[in-house]
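The structure appears below as C-alpha cells.
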Amino acid sequence: MRMVKSSQLYVRRAAASCSVCGAPAVVRISYARLDLCTLHFREFVERKIARILKKTGLSRARRVIVAVSGGKDSAAMLYALASMLKKDNVELIGVHINLGLGEYSEESMKKAHELCHRVGIPCIIVELEKVLGVTVPELAKRARRPTCSVCGLVKRYILNAVAVEADADYVATGHTADDIIAYTLKEFMFQNMDGVSKLAPSTSTVKGLAVGRVRPLYEVTERESLLYSLINGIPFHHSECPYRPRAPIEQRIKEFVNKLEEEHPGIKITYIRRLERNMGMYHSWGRESSYGRCKHCGLASSGVVCGFCRLTEKVTGKPLGEKVRAWIRGVLASLRAEESLMEVRGS
Ligand code: AMP
Ligand code: ZN
Ligand code: ZN
C-alpha cells in the first residue's frame with residue numbers, strides 16, 4: 001500500500017477498500033481498525049459529533065453562537081453543525097474576532113466570513129481595532145502581559161458578551177479531542193482540578209452572566225477534523241498564529257500523546273471517554289467557582305471587576321466592557337432588522 005503524506009496527514013491510496021462498502025478507502029483509522037471511503041469517513045466523524053450533541057442537548061437549543069476562528073477545527077465544527085442541526089431548527093450565529101495579528105488575522109477573517117456565507121448563517125465580525133481602538137499585541141505590550149494570555153482573555157470575554165446579548169443557549173467552540181487531552185493533562189500536572197472540570201463536553205449557563213460552552217469535536221481528533229475539512233472542501237486558513245510561542249507545554253504534550261497513540265492505538269479515545277465519565281468527580285474535587293457581576297460591565301467576574309475591564313482600564317484608562325456590549329447590541333439589532341426585511345421580501 002502507498003501512503004501519501006499531506007501536512008501530517010497520512011492518506012491511504014489504492015489497495016485498501018472501505019471496511020463498510022468496499023469502495024476505495026481514503027483513510028485508515030488504526031484505533032477502530034477501519035479503512036474508510038470519503039462517505040463513510042464523513043459518517044464516522046458525524047457519529048462522534050452526534051453523540052456530543054445528544055449528550056449536551058445541543059439539538060434542543062434555540063440559539064447557538066458558533067466561534068469561528070478561520071482555522072480547520074472550528075471550520076469543520078461549523079460545517080457539521082450547520083448540516084446536522086438543520087432539521088432541529090437551531091438558530092446558528094457565527095462570530096469571528098479579528099484580534100489584529102497582522103496578515104494572519106486578515107486571512108482568518110476572510111475564511112471565517114466565506115465559511116459562514118457558504119453554510120448560510122449570519123456572521124458577526126468583531127474587529128478589535130475598530131471596536132476598542134487597540135489590537136491584542138498592543139494591549140499585551142502596554143499591559144506587560146504575554147500575548148497569548150491577553151488573546152485568550154479577550155476571546156473568552158467577547159464570545160460570552162455576544163452570547164449574553166443574543167440570549168443564546170450555548171457558545172460552541174472547535175476544541176478537538178487532542179486539545180482536551182493536552183489541556184487536561186496540563187491541568188493534572190499542576191493539580192488544578194477546577195481547570196479539569198471546566199473541560200467537560202459542555203459547561204452550564206449562569207443566566208445573564210455567562211453562557212455555557214459546548215465542544216462538539218470533543219471526540220474528534222485534529223487529524224480527523226483536517227481530513228473532514230479537506231474532503232468537504234471547507235474553506236479554512238492553513239497557517240499558525242505568528243504569536244504562538246515556539247514550544248508551549250500543550251504542544252509538547254500533544255507530540256508525546258501522538259507518539260503514544262502510534263504505539264498504543266486507541267489510547268486517546270479511551271482517555272477522552274473515561275474523562276467524560278469521570279467529570280462529576282473532578283467537579284466535586286474542584287473549587288466551587290461562584291460568579292459575581294463585574295461592577296463596570298455587569299458580566300461574570302470572580303472579583304469586583306472582570307479581567308477584561310481591568311485590562312482595558314489599565315491600558316486605555318477606561319474599562320471597555322460596556323462599550324463592547326453596546327457595540328454588540330447595535331450589530332444584533334441591525335441583523336434582526338435585516339432578517340425581518342428579508343422575511344417581508346420573501347413573503
Ligand atoms: P484556540 O484558543 O485558538 O485554540 O481556539 C479554540 C477555539 O476558540 C476555536 O476552535 C474557535 O472555536 C474559537 N476561536 C479561536 N480564535 C477565534 C477567533 N479569532 N474568533 C472566533 N473564535 C475563535
Ligand atoms: Zn464506504
Ligand atoms: Zn467587566
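Counting starts at 1 for both ligands and their atoms, following the listed order. These numbers were taken from a predicted model, which means no experiment stands behind them.
In this structure the side chain of E114 reaches within 4.5 angstrom of the side chain of P235, judged on heavy atoms. Contact of the L185 side chain with the Y271 side chain is registered, since non-hydrogen atoms from C-beta on lie closer than 4.5 Å. In this structure, the side chains of L34 and H40 stay at 4.5 Å or more apart for every pair of heavy atoms.
In terms of heavy atoms, S19 sits closest to R33 at OG-O, 4.5 Å.
The protein heavy atom nearest to atom 9 (C) of ligand 1 is G174 N, 3.9 Å. Atom 20 (N) of ligand 1 has its closest protein heavy atom at I97 N, 3.0 Å. Summary of contacts: the protein heavy atom closest to atom 4 (O) of ligand 1 is Y183 OH, 3.9 Å. Among protein heavy atoms, atom 17 (C) of ligand 1 sits closest to S69 CB, 3.5 Å. What sits closest to atom 6 (C) of ligand 1 on the protein, heavy atoms only, is H175 NE2, 3.3 Å.
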- Query: For F44 and V20, what are the C-alpha separation, side-chain angles and deciding distance, and is it a side-chain contact (heavy atoms from CB on, under 4.5 Å)?
  - Reply: CA-CA 11 Å; F44 173 80; V20 183; over 6 Å; no
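The minimum distance between the Zn ion (ligand 2) and any N, O or S atom of H40 involves atom ND1.
The contact set between ligand 1 and H96, taken as ligand atoms under 4.0 Å from a residue heavy atom, comprises 19 (N), 20 (N), 21 (C). Applying the 4.0 Å criterion to heavy atoms of T173 picks out, from ligand 1, the atoms 12 (O). Near S74, the atoms of ligand 1 lying under 4.0 angstrom from a non-hydrogen atom of the residue are 10 (O), 11 (C), 12 (O). Less than 4.0 angstrom separates some heavy atom of A67 from each of these atoms of ligand 1: 11 (C), 12 (O), 13 (C), 22 (N). Distances below 4.0 Å separate heavy atoms of L99 from the following atoms of ligand 1: 19 (N). Remark: ligand 1 atoms within the under-4.0 Å shell around heavy atoms of V68 are 20 (N), 21 (C), 22 (N). Interface of V95 with ligand 1, defined as ligand atoms under 4.0 Å from a residue heavy atom, comprises 21 (C).
Checking side-chain atoms of R215 against main-chain N and O of S202 turns up no donor-acceptor pair under 3.5 Å. Under a 3.5 Å cut-off, the side chain of Y282 and the backbone N or O of A200 do not form any donor-acceptor pair. Looking at S108, its side chain never comes within 3.5 Å of a backbone N or O of G70 through a donor-acceptor pair.
Ligand 1 has no N or O atom lying under 3.5 Å from any N or O atom of M77, backbone or side chain.
The nearest N, O or S atom of H296 is not closer to the Zn ion (ligand 3) than 2.8 Å.
Taking a cutoff of 4.0 Å between a charged side-chain nitrogen and a carboxylate oxygen, E313 and K318 do not qualify as a salt bridge.
Below 30°, between 30° and 60°, or above 60°: for Y79 and Y228 the angle between ring planes is above 60°, a perpendicular geometry.
Checked against the 6.0 Å centroid criterion, the rings of H264 and Y31 do not qualify as a close aromatic pair.
Here C294 contributes SG and C309 contributes SG, and at the Zn ion (ligand 3) these two atoms make an angle of 110°, given to 10°. Taking the Zn ion (ligand 2) as the apex, the angle formed with SG of C21 and SG of C37 is 110°, to the nearest 10 degrees. Considering the Zn ion (ligand 3) as centre, the angle to SG of C306 and to SG of C297 is 110° (10° rounding).
Under the salt bridge (charged side-chain N to carboxylate O under 4.0 Å, His left out) criterion, K86 pairs with no residue, sequence neighbours left out.
Compare E250, K155, R215 by their heavy atoms: the one nearest to atom 1 (P) of ligand 1 is in K155.
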